[in-house]
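Quick caveat, the model's predicted, so the values are computed rather than measured.
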Amino acid sequence: MLDVIFPFIGGVGLFLIGMMLLSKGLVAFAGQALRKALVRFTGTPLKAFASGAVMTAMMQSSTATTVTLIGFVSAGLISFSHAIGVVMGASLGNTAAGWLVSGVALKINLSFYTMPLIGLGALCKLLARGRIGDFGMAIAGFGILFLGLRTLQDAMGGLTAHFDLAILPVGGLGAHLIIMLIGLAMTALLQSSTAAIATTLTAVHAGAISLDQAGSVIVGAAIGTTITSALVSIGASTAAKRTALAHILFNLVVGLIAIILLPAYLFALMRIANYLEIQPGALSLAAFHTLFILIGSAVFLPFTERFAQLVERLLPEKANDLTPHLDNSLLGVPAIALETAQRTIEELAQDIFIIHRQIVQNEGRVNIMQIKAQLQALESVFDFVTRTQIESDDNVLNQQKVAQLHAIDHLIRLAARQHYFIDENHQINQRAFTDGIEHCVEQIRLIQSGLEHDTPVEWVKKLKVEAKALKDLSAETRSILLQQPSHTSSNRDILLETDNYRWLERNAHHIWRIGYYLQQARQAQKD
């Protein structure tokens, strides 16, 4: 008994480790190029669907696609309606592993020939760095995956002698639903629909279960793959929850369609098999998996916009949330995490600049609670960027991270100075500070325009010119006020006026540095 159970458990474990290493290696090796392609080729729901399918098939992980997608939706690179197309495509791309298992692994014993790949891949990972090391991880994972499948196949053959899996219910909608739940439970237990499907296809190949039963298990696995998305979205951003909900609803509806279609598919399959005098097997199930995903996608794609609106109504945006894009699940994908942080920082900066203009031009009472909320949001972004783990040899992302931290630091200082100014009930004398106000307003206009329209870098140089002009004006005016005090002004008024000039001067410096570092982060992002 143990000589069957242990290899079975070991085979599943080797397959899971192989899939993990293959997916992780491919994501690291080619993930950045695939992510750029995903952004570029999602202009329509159909393009988004094709992009999701190709990306998932190449990375061998619908979870990696979903996490990447959440980041792009949060960063505003992909609209939510287009993201739904990618979700559908990811479900289709997930069927590629079934074709690989049934069409290659179960037909040809590649485990012996892939052994050198495991050794070669391990050496590359240990001795090389960068993309060569990542590629080594991928090919080692590929070899371990096939080794696990062969171990699983051998164990499944022995399992049929000890367990009669045919006692599972057969025929009827109730039986299909029960076995579908077993497939869902397998996926939840293994945390991999690919592993559940591979195990099922191997069982069919060994004659342990019937096509009827295996078809229901595959439908359950297709629904169960959404569990990972649901778990990832717990406590995450609204964008993450919407993407996970869209994934769950799509796979659930498609799964129910598949259960209804399964008897008709099996009937047609048997008629074709009898006519061609062949025995249907694992390959037929892989085709069924692809078929019902395609049918479900054909049903959903024309109504993508309405489906998106439904999900958005079910999960509306949180009120007064200044950091809706930040999601801890993105920390594992540094490029996306920093891209999302960049958008959040720039949005907070624009709000802070609006408040600064209101204070400088004395345009009504500024809400001090709003400034406090912005300071808390900036602290959250600072924490998010700090926790983003980047490889030490990735100079571009490290440069972007450092620039963002500097920008946040200057934003916090600017917002804190605004809070102090309002809390002390200070006001800018519009007549006495005419020249200083003009420099401040021009500086705010420059940085708002530069960030909003991504104009050439000259706007950052102009920010520095305005900051220098305000510094010189501040020094000159404070010198005049202190050396030649007015007879109509008290010493307290003079000191208050000099402090206000100093306040404007320091804020101008922070605004210039904010613009400088945000532009640096943008440039690193483009590189």
Side-chain angles (χ1 to χ4, degrees), residues 346 348-368 370-372 374-375 378 406-453 455 457-519:
E346 291 186 8
L348 288 170
Q350 292 284 18
D351 291 339
I352 290 171
F353 297 147
I354 291 172
I355 290 178
H356 193 61
R357 183 194 292 270
Q358 291 174 340
I359 294 174
V360 170
Q361 294 186 317
N362 198 18
E363 297 175 350
R365 181 69 177 173
V366 176
N367 187 350
I368 197 169
Q370 185 180 358
I371 300 177
K372 287 183 178 179
Q374 288 170 342
L375 281 167
L378 287 168
H406 277 298
I408 297 169
D409 177 55
H410 283 283
L411 280 167
I412 290 174
R413 293 172 186 270
L414 179 61
R417 292 176 68 82
Q418 291 175 350
H419 183 279
Y420 165 79
F421 196 83
I422 299 300
D423 194 44
E424 293 293 321
N425 293 317
H426 288 186
Q427 281 190 341
I428 298 292
N429 188 321
Q430 299 297 297
R431 293 177 61 185
F433 288 81
T434 302
D435 292 339
I437 291 171
E438 286 181 1
H439 287 299
C440 287
V441 171
E442 176 60 16
Q443 201 181 34
I444 294 170
R445 186 196 66 78
L446 283 169
I447 194 168
Q448 286 181 322
S449 177
L451 292 176
E452 184 177 351
H453 303 295
T455 51
V457 74
E458 281 73 18
W459 63 271
V460 178
K461 297 178 181 177
K462 292 179 181 178
L463 282 179
K464 184 177 181 180
V465 171
E466 293 294 333
K468 178 66 166 56
L470 190 52
K471 181 180 180 180
D472 293 341
L473 177 64
S474 173
E476 179 184 349
T477 306
R478 285 187 292 116
S479 176
I480 293 172
L481 287 171
L482 293 174
Q483 291 179 15
Q484 301 175 8
S486 171
H487 297 291
T488 60
S489 300
S490 65
N491 290 335
R492 183 181 179 281
D493 292 337
I494 292 172
L495 289 175
L496 182 60
E497 198 168 342
T498 57
D499 283 346
N500 285 349
Y501 263 110
R502 183 67 175 168
W503 184 82
L504 289 173
E505 174 195 336
R506 295 306 303 162
N507 289 347
H509 172 78
H510 290 311
I511 293 172
W512 162 47
R513 300 308 288 172
I514 291 166
Y516 173 80
Y517 285 118
L518 286 180
Q519 182 63 26

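A tilted orientation is assigned to the rings of His510 and His410, their planes being inclined by 30° to 60°.
Geometric assessment of Arg417 against the ring of Tyr420 yields a negative cation-pi assignment under the 6.0 Å and 45° thresholds.
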Report the C-alpha distance between Phe421 and Asn500 in whole Å, list the side-chain angles of each, state the deciding distance to 0.1 Å, and finish with yes or no for side chain to side chain contact (heavy atoms under 4.5 Å, CB included). CA-CA 9 Å; Phe421 196 83; Asn500 285 349; 3.5 Å; yes
Starting from the C-alpha separation in whole Å, work towards a yes-or-no answer on side chain to side chain contact (heavy atoms under 4.5 Å, CB included) for Leu446 and Glu442. CA-CA 6 Å; Leu446 283 169; Glu442 176 60 16; 3.7 Å; yes
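Interatomic distance, Leu473 CG to Glu438 CD, rounded to the nearest 0.5 Å: 10.0 Å. Atom CG of Leu518 and atom NE2 of His406 lie 12.5 Å apart (nearest 0.5 Å). The structure places NZ of Lys468 at 11.0 Å from NE2 of His439, a figure rounded to the nearest 0.5 Å. Of the inter-residue distances, the one linking Lys462 atom NZ with Ile447 atom CD1 reads 14.0 Å to the nearest 0.5 angstrom. Here CG of Leu411 is found 6.0 Å from CZ of Phe353. Values are rounded to the nearest 0.5 Å. For the atom pair CD1 (Ile371) and CD1 (Ile422), the distance works out to 5.5 Å, reported to the nearest 0.5 Å.
Within the 4.5 Å cutoff, side-chain heavy atoms of Leu378 are placed close to those of Ile352. In this structure, the side chains of Leu470 and Glu466 stay at 4.5 Å or more apart for every pair of heavy atoms. With contacts defined as side-chain heavy-atom distances shorter than 4.5 Å, the pair Leu451/Trp459 qualifies. The shortest side-chain heavy-atom distance between Arg413 and Arg506 does not fall under the 4.5 Å cut-off.
Here the closest non-hydrogen pair linking Ala508 and Ala467 is O-CB, 3.8 Å. When all heavy atoms are compared, the tightest approach of Val360 to Cys440 is CG1-CB, 4.0 Å. Contact detail for Arg357 and Gln448: the closest heavy-atom pair is NH2-OE1, 3.4 Å.
Between the side chain of Gln443 and the backbone N or O of Leu463 there is at least one donor-acceptor pair closer than 3.5 Å.
A centroid separation of less than 6.0 Å is found between the aromatic rings of Trp503 and His356.
Ion pairing of Glu458 with Lys461 is absent here, as no side-chain N (NZ or NE/NH1/NH2) approaches a carboxylate O to less than 4.0 Å.
With Val366 as the partner, the side chain to side chain contact (heavy atoms under 4.5 Å, CB included) test is satisfied by one option alone out of Gln358, His419, Gln418: Gln358.
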